[in-house]
Q: 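Starting off with a structure, shown below.
By convention in this document, chain letters (A, B, ...) are assigned in the order of the sequence lines, proteins followed by strands, and residues within each chain are numbered from 1.
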Protein chains: 2
Amino acid sequence: MAGHRALDFDADELASAIEEFTRNNIRLPARDKYSFTTLSVLHTLTRKGPMRLTALTATEQITQPAVTQLVTRLEGEGLVERHPAPEDRRAVLVRVTDAGARIINGRRQERVRRFTELADQLTPEERHSIAAALPALTRMAALMDGQV
Amino acid sequence: MAGHRALDFDADELASAIEEFTRNNIRLPARDKYSFTTLSVLHTLTRKGPMRLTALTATEQITQPAVTQLVTRLEGEGLVERHPAPEDRRAVLVRVTDAGARIINGRRQERVRRFTELADQLTPEERHSIAAALPALTRMAALMDGQV
DNA sequence: CGGACTTATTTAAACTGCTTATGCAATTCC
DNA sequence: GGAATTGCATAAGCAGTTTAAATAAGTCCG
C-alpha cells in the first residue's frame with residue numbers, strides 16, 4: 001500500500017527538487033549559442049555512438065524532418081558527420097566529430113564546476129547524505145529513461 | 001583543497017544524474033501542448049504570486065518583448081490575467097488564473113506519480129538513502145537559484 | 001521475378017515563438 | 001519643469017519547428 005511508502009519517501013519533495021534543478025539547468029544552454037535540442041542530440045550521440053536519424057528521432061522529442069534539418073545544420077558547423085549505413089543504403093549514420101564532443105565535454109566540466117561550488121556551501125553532513133544517495137539517484141535516473 | 005572533497009562527494013556523478021533527470025523531465029512539456037517557457041512562467045507565477053512583466057523577464061530566460069507576447073498569448077487562453085499595478089501606472093501585474101494553476105497542479109501530480117513509480121523499483125535501502133538526502137538536495141536546488 | 005507495400009530520409013511550405021529595434025507613456029531626478 | 005530613466009507594447013525579421021509530399025531502397029508475397 002501507499003502508506004508505508006509515504007513514511008520513508010516523499011516523492012513530491014523529490015519531484016520539486018528535481019524540477020528546480022531542471023529549471024535552473026535549462027538556463028545553461030541559453031548562454032552558449034546552442035539550443036537545448038542541439039545539445040541533447042550531441043549528448044546522445046556522444047553517449048551512444050553513431051546513430052541513425054530514425055533512432056535520434058525516437059530519443060529526442062522532435063519530428064523526423066526536424067532531425068534531418070538539425071543534423072544538416074550541425075554538419076555545416078562541423079559538429080557531426082553523416083556516414084552511409086553499411087547494411088541499408090537508405091539509412092544514414094550520424095556521428096559526433098571531435099569538435100562536437102569537445103562542446104559536450106566543456107559543458108560537463110562547467111556543470112561539475114557549478115555543482116562543486118554548490119557542494120562547498122553545504123554542511124559536511126549534507127554532502128555525505130547526497131554522496132550516500134548518489135548510486136540510488138543514478139539508478140533512478142537510468143530507470144526514468146525507460147519510463148515511456 | 002579539492003582532495004578531501006573528492007573523497008566524500010563526486011560532483012561529476014551528481015551532475016550526470018541531474019542531467020539525466022533534466023533530459024527526461026524536459027520531455028514532459030512536449031507531450032502537452034505547452035512549451036517549456038509557458039510552463040516555467042505559470043510555475044513561477046504560481047509560486048511567487050502576481051508579478052510584473054519586468055520581474056518575469058528577470059526570472060525567465062527570455063527578453064522583455066518575448067514576455068509581453070507570451071503573456072498576451074496566455075491571457076488569450078485564459079491562463080493568466082493582466083492587472084494594473086497600484087503604485088505605478090506604467091506597470092502591469094500578471095496573475096495566474098485558476099485554469100493556469102490547474103495546469104501546474106496537474107503537472108506536479110504527474111511528476112509525483114512518475115517519481116513514485118520509479119521509487120517503487122528501488123530497494124528500501126535506496127529509497128532511504130534518497131529520503132535522507134532530500135533536505136540537502138532541496139537546499140542545493142535553492143542555492144542554485146542564486147548561482148547567476 | 002515483379003508489383004505492392006513499407007521504411008529511411010529529404011524537400012518544401014507554413015507557422016510559432018523568439019530576437020532586435022523602436023515607440024510611447026509614466027516616473028524619477030536634479 | 002525639462003532630461004533621463006523605466007515599464008511595457010508594437011513591428012519586423014529570423015530560427016527552428018511542424019505537416020505534407022517526394023524520392024529511393026528494402027521487403028514481401030503470389
Q: What verdict does the salt bridge (Lys or Arg N to Asp or Glu O under 4.0 Å) test give for A/R114 and A/E117, after you've listed the backbone C-alpha separation in whole Å, the side-chain angles of each residue and the deciding distance to 0.1 Å?
A: CA-CA 5 Å; A/R114 287 166 62 91; A/E117 199 176 288; over 6 Å; no

Q: Charged N to carboxylate O under 4.0 angstrom, A/E20 versus B/R47?
A: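 Looking at B/R47 together with A/E20, the answer is yes, because their closest N to O distance falls below 4.0 Å.
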
Q: In whole angstrom, give the distance that lies between atom OH of A/Y34 and atom P of D/dG16.
A: 12 Å

Q: Atom NZ of A/K33 to atom C1' of D/dA15: distance rounded to whole Å?
A: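 Roughly 15 Å, once rounded to whole Å.
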
Q: Mind running a 4.0 Å heavy-atom check of residues 81-93 of chain A against DNA chain D and sending the residues that fall below it, in number order?
A: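 When residues 81-93 of chain A is checked for heavy atoms under 4.0 Å from DNA chain D, the hits, listed by number, are A/D88, A/R89, A/R90.
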
Q: With the side chain counted from C-beta on, respond yes when B/Q69 and B/P65 share a heavy-atom pair under 4.5 Å apart, and no when they do not.
A: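 Yes - at least one pair of side-chain heavy atoms lies under 4.5 Å apart.
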
Q: Using the rule given for side-chain hydrogen bond (donor to acceptor under 3.5 Å, both in side chains), can you reason through B/T37 versus B/S40, listing the C-alpha separation, both sets of side-chain angles and the distance that settles it, and then say yes or no?
A: CA-CA 5 Å; B/T37 306; B/S40 183; over 6 Å; no

Q: Is A/R113 salt-bridged to A/E110, going by a charged N under 4.0 Å from an acidic O?
A: yes

Q: Go through residues 62-75 of chain A and report each residue with a non-hydrogen atom lying under 4.0 Å from DNA chain D, sorted by number.
A: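 Going residue by residue through residues 62-75 of chain A, the ones with a heavy atom under 4.0 Å of DNA chain D turn out to be A/I62, A/T63, A/P65, A/A66, A/Q69, A/R73.
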
Q: Considering residues at least two apart in sequence or located in another chain, which fulfil the side-chain contact (heavy atoms from CB on, under 4.5 Å) criterion with B/A11?
A: A/V112, A/F115, A/T116, B/F9

Q: Kindly write out the residues that satisfy side-chain contact (heavy atoms from CB on, under 4.5 Å) with A/E125, not counting sequence neighbours, or none if the list is empty.
A: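 A/T123.
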
Q: Quick one: side chain to side chain donor-acceptor pair (under 3.5 Å) partners of A/R108, sequence neighbours excluded?
A: A/N105, B/D12

Q: What is the 5' to 3' range of DNA chain C, first to last nucleotide, that sits under 4.0 Å from any heavy atom of chain B?
A: C/dG17 to C/dT27

Q: What do the steps show when you test B/R95 against B/V80 for side chain to side chain contact (heavy atoms under 4.5 Å, CB included), and what is the final call?
A: CA-CA 5 Å; B/R95 171 167 20 179; B/V80 305; over 6 Å; no

Q: With no hydrogens and no angle check, do the side chains of B/R102 and B/T97 hold a donor and an acceptor under 3.5 Å apart?
A: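 Their side chains do not contain a donor-acceptor pair, so the 3.5 Å distance test is not met.
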
